[in-house]
Amino acid sequence: EVQLQASGGGLVQAGKSLRLSCAASGFRFNNYVIGWFRQAPGKERQEISCIDYDDGSTNVADSMKGRFTVSRDNAKSTIYLQVNNLKPEDTAVYSCAAGFPNCGSNWYRYYPDVGYRGKGTLVTVSS
C-alpha cells in the first residue's frame, strides 16, 4: 500500500524543540519534492517548507524562517522537520505531501495536484 505518514507530534512545553518525521511506504522519495504543512484548529492550511529529495535543496516560507528546518536522511528514506522554540501558536496538525513539481517560490500552490498527501501528526504546545 502506498502511504505517507507524519509522526513525532505530541504535547510539549513552550520553548522546547521537536523533530517530526515523514516516511513513505510503497514508494521511494527519489525524484520527489516533499513539502511540510500545518493546520491549526479553525484555520487554513499553512505551508512551512519543502525539500528536493535528490539534491537536498530547501525552501522555507518567510513566516517560518528561523525556527523551522527541513532535512532528509537518505539511509532511512525519511524527511524531518525540526521545530525550535515552540510557541502555543504552533499548535496544529503537521503533515507532509510529496509530488510537487519543484521547490521554488510558489511550490505550495501545487498542493491540490500532488500525488501523495500524508496523514498528519498533532503537535500541542502548552504555555
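Because the structure is a prediction, the values reported are computed rather than measured.
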(request) Spell out, as yes or no, whether a donor-acceptor pair under 3.5 Å connects the side chain of Arg117 to the backbone of Pro112. (result) yes
(message) Just so I know, are the side chains of Phe37 and Tyr108 near enough to count as touching, which here means a heavy-atom distance under 4.5 Å?
(response) yes
(message) Test your reading of the model: is there a side-chain donor-acceptor pair from Thr58 to the backbone of Val70, 3.5 Å cut-off?
(response) no
(message) A side-chain contact here means heavy atoms from C-beta on lying under 4.5 Å apart; do Glu89 and Thr91 qualify?
(response) no
(request) Taking all heavy atoms of Cys103 and all of Val33, pick out the closest pair and write down the distance. (result) CB-CG1, 3.9 Å
(request) Answer yes when Lys65 and Asp62 have at least one side-chain N-carboxylate O distance shorter than 4.0 Å, and no when they do not. (result) yes
(request) Inspect the surroundings of OH in Tyr111 and state if more than 12 heavy atoms from other residues, nucleotides or ligands are less than 6.0 Å away. (result) yes
(request) Using modelled atom types only, decide if a donor and an acceptor are shared between the side chain of Ser95 and the backbone of Gly120 within a distance under 3.5 Å. (result) no
(message) Between Thr124 and Val12, is there a side-chain heavy-atom distance shorter than 4.5 Å?
(response) no
(message) Please check if the number of heavy atoms outside Gln13 that lie under 6.0 Å from its CD is greater than 12.
(response) no
(message) Closer than 3.5 angstrom, by distance alone: can the side chain of Asn84 be matched with the main-chain N or O of Ser17 as a donor-acceptor pair?
(response) no
(message) Could you tell me if the side chain of Met64 sits less than 4.5 Å from the side chain of Arg38, heavy atoms only?
(response) yes
(request) Report the residue from Val60, Leu81, Ile34 that forms a side-chain contact (heavy atoms from CB on, under 4.5 Å) with Ile51. (result) Ile34
(request) Give a yes-or-no answer on whether the side chains of Gln39 and Arg45 include a donor-acceptor pair shorter than 3.5 Å. (result) no
(request) Check whether any side-chain heavy atom of Ser126 sits under 4.5 Å from a side-chain heavy atom of Leu11, and report yes or no. (result) yes
(message) Can a donor-acceptor pair be found, under 3.5 Å and without considering hydrogens, that links the side chain of Ser77 to the backbone of Asn74?
(response) no
(request) Determine, step by step, whether Asp73 and Thr78 satisfy the side-chain hydrogen bond (donor to acceptor under 3.5 Å, both in side chains) criterion, reporting the C-alpha distance in whole Å, the side-chain angles of both residues, the deciding distance to 0.1 Å, and the verdict. (result) CA-CA 5 Å; Asp73 185 328; Thr78 301; over 6 Å; no
(message) Would you compute the distance between atom CG of Leu18 and atom CG of Asn85 and round it to the nearest 0.5 angstrom?
(response) 13.0 Å
(message) To the nearest 0.5 Å, what is the distance between CD on Gln82 and OG on Ser21?
(response) 10.0 Å
(message) So, applying ring-ring contact (aromatic ring centres under 6.0 Å, His included) with Phe100, which one of Tyr116, Tyr53, Tyr110, Trp107 is it?
(response) Trp107
(request) I would like to know whether Phe68 and Trp36 meet side chain to side chain contact (heavy atoms under 4.5 Å, CB included); could you show each step before the answer? (result) CA-CA 10 Å; Phe68 294 80; Trp36 278 101; over 6 Å; no
(request) Check whether any side-chain N or O of Asn59 sits under 3.5 Å from a backbone N or O of Gly104 as a donor-acceptor pair, and report yes or no. (result) yes
